[in-house]
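Take a look at the structure set out below.
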Amino acid sequence: MTKLSYWCYFTIILKVYVLLTMSCCPVRSHTFLENSEYKCKGKIEQVDDLDLYVVGDGEKCVIWNYDIFGFDGGRTRQCVDLLATQGFSVILPDYYRNGFFITPGDPGLMEHIKNFPYSKMEPDVNRIIQFARKRGATIFGSIGTCWGSYLVVKMSALPDFKAGISMHPSHPKMMTLLEENEEEAYKEIHCKQLFLSAGNDHENVFPGGLGEKVLGDKLRVEVFPDMVHGWVTRADISDEKNNRDVSKAVELFIEFFKENM
């Protein structure tokens, strides 16, 4: 390899590294998972220009907040359907609109994240809650993967929410990008929280991290040291360890909602 070609190669690698370290996902994260063979159990409903994937009925409603792979990424809808079988009404909103998604290495990712502060999404959240109430919901919980954990933190400050679950959470990085104060956001949370953190997730979502320091006994943290960011919805479950820890995460989020809603 010539000095010039080596320098070009190094420059490309450096650019990719910078994009990943400045994204909401850690450097080593699961990428897009093809899951098109899965047959969805829910249906698409619409509130104004906001599409909602809806499955299940009942007074206990969980709002599922997706990752940056969007409305039909990986196992997201599969997990939503599974949660609904446990007696919950589950709503998956398409905040990005029209099925849009983005990947961790996309150079437009940071700008995309900055385009979705809670102040912009709050009207959507209000519409979702109103829609759920019309369907009979009285008790709410929220769950989010990656990008979606940011919304879990915000929703968990609302009075009707009884539980929040963040799986491979990205809200510490997102709040930095959005110039928001993570500690102050935790102080607004009033309901029980569960963090399911991968081995390479941000230190703030680990035992002894900022989340635990602020939330105290409101927060339970479960770390999956063998997993990397994105495993619940994007890891290949033909791998024994991935299958084991995806199954464990599913058991934990179902159990947590049953205990706290």
Side-chain angles (χ1 to χ4, degrees), residues 24-26 60-67 76 79-80 82-83 86 88-93 95 118 121-122 125 128-129 132 137-176 178 180-225 227 229-233 245-246 248-261:
C24 58
C25 301
K60 296 179 179 181
C61 176
V62 175
I63 299 174
W64 190 294
N65 303 294
Y66 55 45
D67 57 29
T76 298
C79 289
V80 167
L82 183 58
L83 180 57
Q86 301 301 306
F88 298 95
S89 168
V90 191
I91 299 173
L92 170 69
Y95 300 106
Y118 186 68
M121 292 187 287
E122 189 172 14
V125 172
I128 296 159
I129 292 172
T138 59
I139 302 169
F140 291 86
S142 63
I143 186 168
T145 55
C146 180
W147 179 87
S149 74
Y150 172 71
L151 278 163
V152 173
V153 171
K154 298 297 185 178
M155 289 178 179
S156 295
L158 301 177
D160 293 325
F161 281 75
K162 305 300 181 186
I165 301 175
S166 297
M167 300 192 292
H168 28 93
S170 286
H171 60 266
K173 277 194 169 185
M174 286 185 56
M175 288 183 173
T176 298
L178 292 167
E180 295 185 15
N181 188 310
E182 183 183 353
E183 182 175 355
E184 291 304 314
Y186 287 144
K187 289 178 180 178
E188 297 295 319
I189 291 175
H190 68 86
C191 60
K192 293 286 187 177
Q193 301 292 298
L194 173 64
F195 287 174
L196 303 182
S197 303
N200 66 332
D201 276 324
H202 197 283
E203 62 183 6
N204 287 5
V205 297
F206 271 64
L210 181 63
E212 196 171 77
K213 288 175 181 176
V214 178
L215 291 167
D217 60 8
K218 289 180 186 174
L219 173 64
R220 173 182 172 187
V221 181
E222 295 284 346
V223 179
F224 292 74
M227 296 294 101
H229 182 84
W231 94 91
V232 179
T233 50
D245 284 358
V246 168
K248 182 180 177 182
V250 170
E251 289 174 5
L252 285 170
F253 74 63
I254 290 172
E255 173 190 275
F256 190 79
F257 279 136
K258 285 186 174 180
E259 288 178 353
N260 292 287
M261 288 180 66

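At least one donor-acceptor pair closer than 3.5 Å links the side chain of K192 to the backbone N or O of D217. When atom types are taken as modelled, the side chain of S156 and the backbone of V152 share a donor-acceptor pair closer than 3.5 angstrom. Not a single donor-acceptor pair under 3.5 Å links the side chain of H229 to the backbone N or O of A198. For S149 (side chain) and S170 (main-chain N/O), a donor-acceptor pair under 3.5 Å exists by modelled atom type.
Contact of the V232 side chain with the L196 side chain is not registered, since no non-hydrogen atoms from C-beta on lie closer than 4.5 Å. C191 has its side chain within reach of Q193: a pair of non-hydrogen atoms, C-beta onward, lies under 4.5 Å apart. Within the 4.5 Å cutoff, side-chain heavy atoms of M155 are placed close to those of I63. When side chains are defined from C-beta on, L82 counts as touching V250, because their heavy atoms get closer than 4.5 Å. A 4.5 Å side-chain heavy-atom check between R220 and L252 finds at least one atom pair inside the cut-off. Proximity of L210 to E212: side-chain heavy atoms (C-beta onward) are nowhere separated by under 4.5 Å. Between Y186 and E188, the closest side-chain pair of non-hydrogen atoms is not below 4.5 Å.
Atom CD1 of I165 and atom OG1 of T145 lie 12.0 Å apart (nearest 0.5 Å). The distance from the CG atom of L151 to the CD atom of E122 is 11.0 Å, given to the nearest 0.5 Å. How far CG of D67 is from CH2 of W147: 10.0 Å, rounded to the nearest 0.5 Å.
Minimum interatomic distance between V205 and V221 (heavy atoms only, all atoms of both residues): O-CG1, 3.5 Å. Nearest heavy atom pair, residue K218 against residue H190, reads NZ-CA, 3.9 Å. Scanning all heavy atoms of the two residues, the minimum distance from W231 to A249 falls at CZ2-CB, 4.0 Å. Residues T233 and H168 come closest through the heavy atom pair OG1-CE1, 3.9 Å. Nearest heavy atoms, I91 versus C61: CD1-SG, 3.8 Å. Looking at every heavy atom in both residues, A163 comes nearest to M261 through CB-CG, 4.2 Å.
Taking the charged nitrogens against the carboxylate oxygens, K258 and E255 have no contact shorter than 4.0 Å, which rules out a salt bridge.
Using a 30° and 60° split on the angle between ring planes, Y66 and Y95 fall in the perpendicular class, above 60°.
Residues satisfying the ring-ring contact (aromatic ring centres under 6.0 Å, His included) test with Y118, not counting sequence neighbours, are none.
In this structure, the ring of F88 has its center no less than 6.0 angstrom from the ring center of W64. In this structure, the ring of H171 has its center less than 6.0 angstrom from the ring center of F195.
Judged by distance alone, the side chains of E180 and Y150 do bring a donor and an acceptor atom under 3.5 Å apart.
Annotation: cation-pi pair K60/F257 absent, no NZ/CZ under 6.0 Å from the ring centroid and within 45° of its normal.
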- Message: Let's go through F206 and S197 carefully: what are the C-alpha distance in whole Å and the side-chain angles of both, what is the deciding distance for side-chain contact (heavy atoms from CB on, under 4.5 Å) to 0.1 Å, and is it a yes or a no?
- Response: CA-CA 7 Å; F206 271 64; S197 303; 4.3 Å; yes
- Task: Evaluate the side-chain contact (heavy atoms from CB on, under 4.5 Å) criterion for residues V62 and F140: first the C-alpha distance (whole Å), next the side-chain angles of each, then the deciding distance (0.1 Å), finally the verdict.
- Result: CA-CA 6 Å; V62 175; F140 291 86; over 6 Å; no
- Query: What's the verdict on side-chain contact (heavy atoms from CB on, under 4.5 Å) for N65 and I143, showing C-alpha distance, side-chain angles and the deciding distance?
  - Reply: CA-CA 6 Å; N65 303 294; I143 186 168; over 6 Å; no
- Given V125 and L158, is the side-chain contact (heavy atoms from CB on, under 4.5 Å) satisfied, shown in steps? CA-CA 11 Å; V125 172; L158 301 177; 4.1 Å; yes
